[in-house]
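Some notes on the structure that comes next.
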Amino acid sequence: MKRIKIKELLNKTEGQESILVKGWVRTRRDSKGGFSFLEINDGSCMGNIQAIVDHTLNEFSELEKQITTGSCVAINGKLVASEGKGQKMEIQATALEVYGTADAETYPLQKKRHSFEYLREIAHLRPRTNTFGAVMRVRSRLAYAIHQFFNDRGFVYLNTPIVTTSDCEGAGEMFQVTTLDMTNPPKVDGKVDYAQDFFGEKTSLTVSGQLEGEIYALALSEIYTFGPTFRAENSNTSRHLSEFWMVEPEMAFYDLDDDMDLAEEFIKYLLADVLENCSEDMEFFNQRIDKTILETLRHIVDNQFERLTYSDAIHRLQQSTENFTYSVEWGCALQAEHERYLSEKVFKKPIIVYNYPEKIKSFYMKLNEDGETVRAMDVLLPKLGEIIGGSQREENYEILLKRLKDSDLDPEEYWWYLDLRRFGSAPHSGFGLGFERLVQFVTGMENIRDVIPFPRTPKHARF
RNA sequence: UCCGGUGUGGCGCAAUGGUAGCGCAAUCGACUGUUAAUCGAUGUGUUAGAGGUUCGAAUCCUCUCACCGGAGCCA
């Protein structure tokens, strides 16, 4: 007989059929009436199916000791209307098989709530909890929705390299990739001789696929990347990972306004998709993780983001009576406290700050006519902060070359990037969205380590 | 990396210089179409590690480690 997933099973209204379910026992309650109640979960959805196992069933007497919280079982039986409260349907077992036992005295997951800190120490078992099941289902749905959003709009999904030689862009410290003998590397003039390394030059893990994305946007018009990204920053916060996933669309013929329009539409689309397609899991987050999450997401979907220039933002901050730790002056980067004040207290919704001072932003961002600001934008969410950073790219060869030099970067290393401006250059824009921050925001989970299956942070790469 | 906090049975926590305890889980039993069942009984500790102060340290001091929160860097 073919196994049926519990998600399908719970959608059925008619009983009396013979079915087969397989899954992990969440809890077992015995009745001296001569039967046991088993709650089975297979991860296909939040809900469990209750199975009634009569103690006269042959297998039960043999397997009784083996059926504990955490064990894995297969149950044949009839789907019937439940006599008890709390569930409509249940399975009257006719046959039982135990695939794997879980010794109750040593199984680390108990029938109670655990702290997320503890669950991180048992990252191989935490997906068997309600919270992590829900997080990973929502994460998967968001990934699907991301592809759907861009695919519907004719964007080409582009895979940019993970191992790269562009030791550049200033996005962050990089992880080096090498096959050289670390205890005795070959040297020339006292320096490591990368000519003898695997790729014949120094290579690292990518910090962004943007520059490569621009290559393809200036050929296919609209592309997006969605893949892993690596930053060797010693960041120890609830919003940073050393290995995370990033979505980076890059579009020819888009100016900064088009870029902001796309970013806003994108975020709203994703939130609406999850509200519609993960309602059960979202209901769980609303009850157990953040009581305002559904309201917050709906509010964002239904309202326009507030767009203001960096100069306006500075002005508003200077007008406010709020006591900031960092003083506010035109030309300084906005601090987390400033961003939060604007999105949480002033506008109470997502904001997009754009036209930042040239001096605090990257070399590739397009210089405005005023000569002192660039067409950069950040999407800031209440509580979470920056979720998207983007810009219109500088398409003028001479200006780009000057900005490279002003940033103390070697134009030689960017020869192909400059070539894009020598041959058929075009106005173009793009942005990057941190996937885990999105999952964090959507689920209401407080720590980014709990929205990725295997978090990598400084001094932590176990599992 | 900086600032602050925490570290005590399997898990969550208490004990404010004087006998290390509670809840949950586990084990055994009772009871029941049960719902994170309920009731009773039982076992569980190098108080993160090292050193110091003291008649006496989970508690005070020093160092190390781990984790958490905030900041910076960013997505």
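Letters A, B, ... mirror the listed sequences (proteins, then strands); counts begin at 1.
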Round to a whole Å and report the spacing from [atom1] of [X] to [atom2] of [N].
| X | N | atom1 | atom2 | answer |
| --- | --- | --- | --- | --- |
| A:Glu436 | B:C74 | CD | P | 19 Å |
| A:Glu117 | B:A66 | CD | C1' | 13 Å |
| A:Arg239 | B:G69 | CZ | P | 10 Å |
| A:Asp30 | B:C28 | CG | C1' | 13 Å |
| A:Leu334 | B:C73 | CG | P | 11 Å |
| A:Phe35 | B:U35 | CZ | P | 12 Å |
| A:Gln210 | B:A75 | CD | P | 9 Å |
| A:Asn447 | B:C67 | CG | P | 12 Å |

| request: Measure centre to centre between the rings of A:Tyr157 and A:Tyr224, then say whether the value is under 6.0 Å. | output: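 Centroid distance A:Tyr157-A:Tyr224: below 6.0 Å, so yes.
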
Classify the nucleic acid contact of [X] as base, sugar-phosphate or nothing, counting any heavy atom under 4.0 Å across all strands shown.
| X | result |
| --- | --- |
| A:Tyr118 | sugar-phosphate |
| A:Thr106 | nothing |
| A:His114 | sugar-phosphate |
| A:Glu105 | sugar-phosphate |
| A:Gln335 | sugar-phosphate |
| A:Arg26 | nothing |
| A:Glu90 | base |
| A:Tyr326 | sugar-phosphate |

Is the closest basic N to carboxylate O distance between [X] and [Y] below 4.0 Å?
| X | Y | answer |
| --- | --- | --- |
| A:Lys366 | A:Asp255 | no |
| A:Lys22 | A:Asp42 | no |
| A:Arg307 | A:Asp312 | no |

Provide the Watson-Crick or G-U wobble partner of [N], both distances under 3.5 Å; none if there is no partner.
| N | result |
| --- | --- |
| B:A71 | B:U1 |
| B:U35 | none |
| B:G17 | none |
| B:C28 | B:G40 |
| B:A57 | none |
| B:G12 | B:C22 |
| B:G7 | B:C65 |

| field | Minimal non-hydrogen separation, A:Pro455 against A:Arg449, with atom names | value |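 The answer is CG-O, 3.5 Å.
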
| If you look at every heavy atom in A:Tyr107 and A:Thr69, which pair is closest and at what distance? |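 Heavy atoms only, the tightest pair is CD2-O, 3.5 Å.
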
| query | Expressed as a whole number of Å, how far does the P atom of B:G70 sit from that of B:A58? | reply |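 These two P atoms come out 33 Å apart once rounded.
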
| field | Nearest-angstrom distance, C1' atom, B:U8 to B:A15 | value |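 Approximately 10 Å lies between the C1' atom of B:U8 and that of B:A15.
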
Kindly indicate whether the side chain of [X] and the base of [N] share any N or O donor-acceptor pair separated by less than 3.5 Å?
| X | N | answer |
| --- | --- | --- |
| A:Arg449 | B:C68 | no |
| A:Ser235 | B:C73 | yes |
| A:Thr237 | B:G70 | no |
| A:Gln87 | B:U34 | yes |

| said: I want to confirm an ordering. Mapping A:Gln50 and A:Thr68 to their closest nucleotides on RNA chain B, which one lands closer to the 5' end? | reply: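 Between the two, 5'-proximity favours A:Thr68.
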
| said: If you assign A:Lys459 and A:Ile388 each to the RNA chain B nucleotide with the nearest heavy atom, which residue ends up on the more 5' nucleotide? | reply: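 Closer to the 5' end of RNA chain B: A:Lys459.
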
| field | No-hydrogen, no-angle side-chain donor-acceptor test under 3.5 Å, A:His460 and A:Thr457 | value |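 Short answer, no.
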
| Quick one: is A:Lys111 getting a side-chain N or O under 4.0 Å of the B:G10 phosphate, OP1 or OP2? |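 Checking B:G10 against A:Lys111, no side-chain N or O comes under 4.0 Å of OP1 or OP2.
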
| Closest nucleotide among B:U35, B:A66, B:A25 to the A:Arg29 side chain |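 Per side-chain heavy atoms of A:Arg29, the pick is B:U35.
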
| message | Between B:A75 and A:Phe244, is there a base-stacking contact, meaning the centre of the base's six-membered ring lies under 5.5 Å from the residue's ring centre while the planes stay under 30° apart? | response |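 Here A:Phe244 meets both the 5.5 Å and the 30° conditions.
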
